[in-house]
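Have a look at the structure below, then the notes.
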Amino acid sequence: MRLFNTLSGEVDELVPSDGKELRMYACGPTVYDYGHIGNFRTFLEIDVLRRFLKLTGVQLRHVMNITDVDDKIIRNSSAAGISIGDYTKKYVEAFFEDLDALGVQRPEIIARATENIDRMVELIEKLKEAGAAYKTEDGSWYFKLKAFPEYGKLSKKDLSGMEDGARVDVDEYEKDSARDFALWKAPKPGETAWDTVIGRGRPGWHIECSAMSMKYLGDSFDLHAGGEDLMFPHHENEIAQSESVTHQPLARHWMHVRFLLVDGKKMSKSEGNFYTLRDLLLKGYKASAIRLALISVPYRHQLNFTFDGLVDATAAIDRLRTFNGRLTKGKFEAGENPEVQAAVKKSHQDYMAALANDLNTAEARAPIFDLVRLSNTAMDQGKFFEADREAVKRVLADFDAVFAVIEDRDAEPMRKAVEWAKQEGREADVAPELLAQVSLTDDAINALLAERDQAKRRRDFGRADAIRKELTEKGIVIEDSKDGVRWKRK
RNA sequence: GCGCCGGUGGCGAAGUGGCUAACGCACAGGUCUGCAAAACCUGCACUCGCGGGUUCGAUUCCCGCCCGGCGCUCCA
């Protein structure tokens with residue numbers, strides 16, 4: 001496939017350098033709070049990439065780090081009077097629960113910063129040997145930017161004109177140069193710290209990714225991915241740290257996911273447009289709708305997240321799921337319709353080609369919806385057969401292998417979110433319809449539908465419609481068809 | 001200020017130097033239905049921010065302008 005490469009500034013072919021396994025590293029979360037939808041856009045787009053690569057038969061070795069030690073974590077945990085491990089545990093668990101809700105697949109390897117301190121220390125020692133690291137009087141270590149002339153090659157920044165001392169942070173007066181960044185931070189009194197051969201302290205933010213990518217993927221690997229904000233300085237610093245030691249490109253290919261806006265503005269708590277995944281689930285939006293809304297705009301474009309967009313995505317998913325139900329449960333005669341078969345072939349080709357072209361998810365959706373319409377028409381006309389069903393099913397399977405929204409896995413995240421809200425004392429934030437829906441069991445729904453069926457048989461449409469209305473108000477949609485009544489949770 | 005990205009129907013959004021400018025949502029009319037829902041059909045941008053240029057021809061290339069967003073500090 002072809003994927004934009006930040007390093008080259010062009011759309012390059014993405015292939016495993018060893019011809020077998022694609023080795024990739026993607027920056028994971030800093031677990032100091034619940035993840036917000038901006039975080040998840042990045043993880044979702046990376047998930048789309050991984051799912052598409054797997055669909056095309058590429059083997060993956062995908063590493064994601066979890067930053068479980070940093071300034072915010074230390075500050076928040078000490079404020080709470082607990083260890084950083086106890087503090088982060090909750091957010092790590094929440095993070096994975098959220099990924100599950102959104103259908104984000106697990107990377108092959110998950111690497112935690114606190115479990116790799118020794119690797120980071122080793123790397124800092126090597127940097128020292130290479131003349132790229134120095135220790136200051138307080139016991140901190142810094143990377144010496146002057147030792148890495150290529151600095152800025154990823155973000156295309158020319159820092160040569162930056163004057164030393166122009167904007168020196170008063171706390172960091174010991175650094176040789178204002179732009180030098182921390183590899184290792186000496187602890188302030190009472191702070192979490194590790195005793196190591198390079199002194200007592202904790203790692204700087206950037207060093208973990210260099211150390212862990214090297215550990216799991218080697219000195220040079222295929223792809224490094226993350227949010228656009230990480231390009232500078234985080235990724236630039238990773239490159240400096242790694243390449244100063246290995247003298248090889250850290251990664252050949254770099255992918256950066258664009259930020260999302262919410263209601264046209266950058267998401268921020270002060271703007272009041274800041275949403276965690278849980279906030280949205282409690283409002284009654286389906287995890288699948290959130291997933292589709294966040295991946296339907298190609299990763300390199302700014303995405304404006306709105307509630308209207310979520311409603312839109314919900315409707316689109318409904319259409320796909322309704323069709324899928326018709327396809328699965330319908331009865332078709334043996335045989336095939338050449339027109340359907342031809343459309344299947346074209347649809348699949350166009351779908352794969354769109355994704356192979358820098359993950360154009362917006363374009364990839366189109367042929368799928370085209371096929372849905374064409375198939376529905378054929379079914380309406382009685383010109384859809386058993387072999388058509390099988391062929392169309394295969395296309396939908398490949399669609400769902402990447403988009404992962406047709407198969408309905410929405411009930412579990414809903415239920416968990418409501419449970420969580422109760423535990424956290426946030427029950428007031430749960431949308432009333434959601435509470436009603438969660439409390440309504442399948443058995444209760446089926447009982448009401450049976451009663452409605454009885455009413456309809458005796459042509460008591462008043463009673464039948466009353467039941468339908470009651471269910472509708474609780475978010476249950478009813479569809480009568482020749483094959484009986486169908487219902488779904490809206 | 002410097003750098004970067006975008007401005008396509010009511011909304012989201014794809015795309016191309018010249019076929020009827022995808023697709024989704026919404027809306028309107030129709031078919032079907034006890035009524036709905038679902039599904040289908042039809043309609044919905046003579047036009048792609050504005051001005052100029054290149055060209056036989058530009059929404060697509062170039063220049064200028066306006067508007068929106070982002071980065072240059074922690075941040076997915």
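Proteins come first, then strands; the chains are lettered A, B, ... in the order of their sequence lines, and each starts at number 1.
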Where along nucleotides 28-36 of chain B does protein come under 4.0 Å, by heavy atom, of base (B) or sugar-phosphate alone (S), with - for untouched nucleotides?
------BBB
Evaluate the criterion side-chain contact (heavy atoms from CB on, under 4.5 Å) for residue pair A:V257 and A:F43; output intermediate values, then yes/no.
CA-CA 9 Å; A:V257 179; A:F43 297 121; over 6 Å; no
Pick the [atom1] atom in [N] and in [M], then give their distance to the nearest Å.
N	M	atom1	answer
B:U47	B:G7	C1'	15 Å
B:A14	B:U59	C1'	13 Å
B:U16	B:G49	P	15 Å
B:C72	B:G52	C1'	33 Å
B:A13	B:C48	C1'	13 Å
B:C56	B:C41	C1'	40 Å
B:C11	B:C4	P	30 Å
B:C35	B:G15	P	44 Å

Give a yes or no on whether a salt bridge exists between A:D398 and A:R394, defined as a side-chain N under 4.0 angstrom from a carboxylate O.
no
Tell me whether A:R41 is salt-bridged to A:E45, with the criterion being a basic N under 4.0 Å from an acidic carboxylate O.
yes
From [options], pick the nucleotide closest to the side chain of [X]?
X	options	answer
A:H301	B:G6, B:A76, B:A38	B:G6
A:K266	B:G71, B:U73, B:A76	B:G71
A:Q302	B:A14, B:C70, B:C74	B:C70
A:Y32	B:A76, B:C70, B:A39	B:A76
A:P298	B:C5, B:A13, B:C75	B:A13
A:V477	B:C70, B:A37, B:A39	B:A37

Check the pair A:F40, A:Y275 against ring-ring contact (aromatic ring centres under 6.0 Å, His included), reporting the backbone distance first and the verdict last.
CA-CA 11 Å; A:F40 290 117; A:Y275 300 107; over 10 Å; no
Could you check how far [atom1] of [X] sits from [atom2] of [N], rounded to whole Å?
X	N	atom1	atom2	answer
A:H234	B:U73	NE2	P	16 Å
A:L310	B:G12	CG	P	15 Å
A:D229	B:C70	CG	P	13 Å
A:L303	B:G6	CG	C1'	13 Å
A:D70	B:C74	CG	C1'	10 Å

Counting only side-chain nitrogens and oxygens, does [X] get under 4.0 Å of the OP1 or OP2 atom of [N]?
X	N	answer
A:T377	B:C41	yes
A:N360	B:G15	yes
A:N39	B:A76	yes

Considering only nitrogen or oxygen atoms on both sides, find all protein atoms under 3.5 Å from nucleotides 21-26 of chain B and state each distance.
unit_1 : atom_1 : unit_2 : atom_2 : d
B:G24  : O4'    : A:R365 : NH2    : 3.3
B:G24  : O2'    : A:R365 : NH2    : 3.2
B:G24  : N2     : A:D312 : OD2    : 2.6
B:C25  : O4'    : A:D312 : OD1    : 3.4

Start at the 5' end of RNA chain B and walk down; is the nucleotide closest to A:L261 or to A:K72 reached first?
A:L261
Categorize [X] for me: base, sugar-phosphate, or nothing, with a 4.0 angstrom heavy-atom threshold over every strand shown.
X	result
A:V257	nothing
A:R326	sugar-phosphate
A:Q381	nothing
A:G35	nothing
A:I37	nothing

Duplex segments of RNA chain B, taken as runs of at least three Watson-Crick or G-U pairs that stay under 3.5 Å
B:1-7 with B:66-72, B:10-12 with B:23-25, B:27-31 with B:39-43, B:49-53 with B:61-65
Can you confirm if the aromatic rings of A:Y299 and A:F4 lie within a centre distance of less than 6.0 Å?
no
Just do the side-chain contact (heavy atoms from CB on, under 4.5 Å) check on A:E339 and A:D388 with the steps written out, would you?
CA-CA 10 Å; A:E339 265 182 53; A:D388 300 328; over 6 Å; no
So [X] and [Y], would you call those rings parallel, tilted or perpendicular, with 30° and 60° as cut-offs?
X	Y	answer
A:F403	A:F399	parallel
A:H234	A:H206	tilted
A:F143	A:F181	parallel

Pair A:L223-A:L49, side-chain contact (heavy atoms from CB on, under 4.5 Å): steps then yes or no:
CA-CA 11 Å; A:L223 173 70; A:L49 173 71; 3.4 Å; yes
